[in-house]
Amino acid sequence: MRVNKIRTLATIGAGALAAGLLMTGTAMAAPAGLPYGVTPYENVNVRAEATTDSGITGHVTAGQPRGASCWKEGQSISDHGITNNIWVRLAEGYVSAVYLKGDERGGLPVSAHC
């Protein structure tokens, strides 16, 4: 079951934004030559596939901008009161969008589906 609390939190206003968990707007400029950019708000594992059952291929440090190519649906992840099944593809694998600044797709556009 996919629960998307991000839209609900976004309607709360500046208080939710001040918590550092949400950011509105479009995807930021992408490092590493990939078409989009994402930034995690905490340290996060990068996985070979869009599931925690998949092997860890790397790590991304909180606040470190990374290039991203697309998003896809995968395992639902729940953390910080948010549940989401969207994973974003970086050069070395996938990260759950739950840990990325932005909307439910980490700021990537709907059209960036893998």
Side-chain angles (χ1 to χ4, degrees):
M1 177 176 155
R2 181 175 177 202
V3 178
N4 189 348
K5 293 185 180 179
I6 293 175
R7 284 190 199 123
T8 302
L9 288 173
T11 61
I12 294 171
L17 293 173
L21 300 178
L22 299 172
M23 222 175 104
T24 60
T26 59
M28 57 185 275
L34 294 173
Y36 306 103
V38 296
T39 303
Y41 62 84
E42 68 178 53
N43 295 341
V44 64
N45 291 327
V46 181
R47 305 243 177 210
E49 293 297 328
T51 175
T52 58
D53 293 333
S54 184
I56 296 172
T57 60
H59 307 279
V60 179
T61 303
Q64 178 184 6
R66 298 302 298 266
S69 58
C70 60
W71 62 270
K72 73 177 188 176
E73 295 177 356
Q75 176 186 8
S76 287
I77 302 296
S78 296
D79 205 355
H80 302 291
I82 300 168
T83 298
N84 192 346
N85 70 341
I86 302 298
W87 291 68
V88 173
R89 174 85 172 137
L90 308 179
E92 63 270 42
Y94 291 90
V95 295
S96 170
V98 165
Y99 301 106
L100 300 176
K101 294 179 181 180
D103 61 12
E104 67 269 14
R105 292 175 308 280
L108 274 65
V110 172
S111 61
H113 193 269
C114 297

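One-based numbering along the sequence shown. Just so we're clear, the structure is a prediction, and the values are computed from it rather than from any experiment.
One distance of note links OG1 of Thr83 with CD of Glu104; it measures 13.5 Å at 0.5 Å rounding. Between Lys72 atom NZ and Ile86 atom CD1 the span is 11.0 Å, to the nearest 0.5 Å. Rounded to the nearest 0.5 angstrom, Tyr36 OH and Leu108 CG are separated by 6.5 Å.
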How far apart are the C-alpha atoms of Lys101 and Val38, what are their side-chain angles, what is the distance that settles it, and do they pass the side chain to side chain contact (heavy atoms under 4.5 Å, CB included) test? CA-CA 7 Å; Lys101 294 179 181 180; Val38 296; over 6 Å; no

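Judged as a side-chain contact (heavy atoms from CB on, under 4.5 Å), and not counting sequence neighbours, the contacts of Glu42 are Asp79, His80, Tyr99. Applying the side chain to side chain donor-acceptor pair (under 3.5 Å) test to His113 and every residue at least two apart in sequence or in another chain returns nothing. Take Asn43 and apply the side chain to side chain donor-acceptor pair (under 3.5 Å) test, not counting sequence neighbours, and it matches no residue. Looking at residues two or more places apart in sequence or on another chain, you find a side-chain contact (heavy atoms from CB on, under 4.5 Å) between Gln64 and Val60, Thr61, Arg66. Contacts of Thr57 classified as side chain to side chain donor-acceptor pair (under 3.5 Å), with partners at least two apart in sequence or in another chain: none.
A donor-acceptor pair under 3.5 Å links the side-chain atoms of Tyr41 to the main chain of Val98, judged by distance alone. With Trp87 contributing its side chain and Thr51 its backbone, the two residues share no donor-acceptor pair below 3.5 Å.
Considering all non-hydrogen atoms of both residues, Ala97 and Val88 come closest at CB-CG2, 4.3 Å. Listed here is the closest heavy atom pair of Ser96 and Leu100: O-CG, 3.9 Å. The minimum heavy-atom distance linking Leu90 with Gly67 is given by the pair CD2-O, 3.3 Å. A pairwise comparison of heavy atoms in Tyr94 and Arg89 identifies CZ-CD, 3.4 Å as the closest pair.
Screening residues 43-62 for ring-ring contact (aromatic ring centres under 6.0 Å, His included) gives no qualifying pairs among residues at least two apart or on separate chains.
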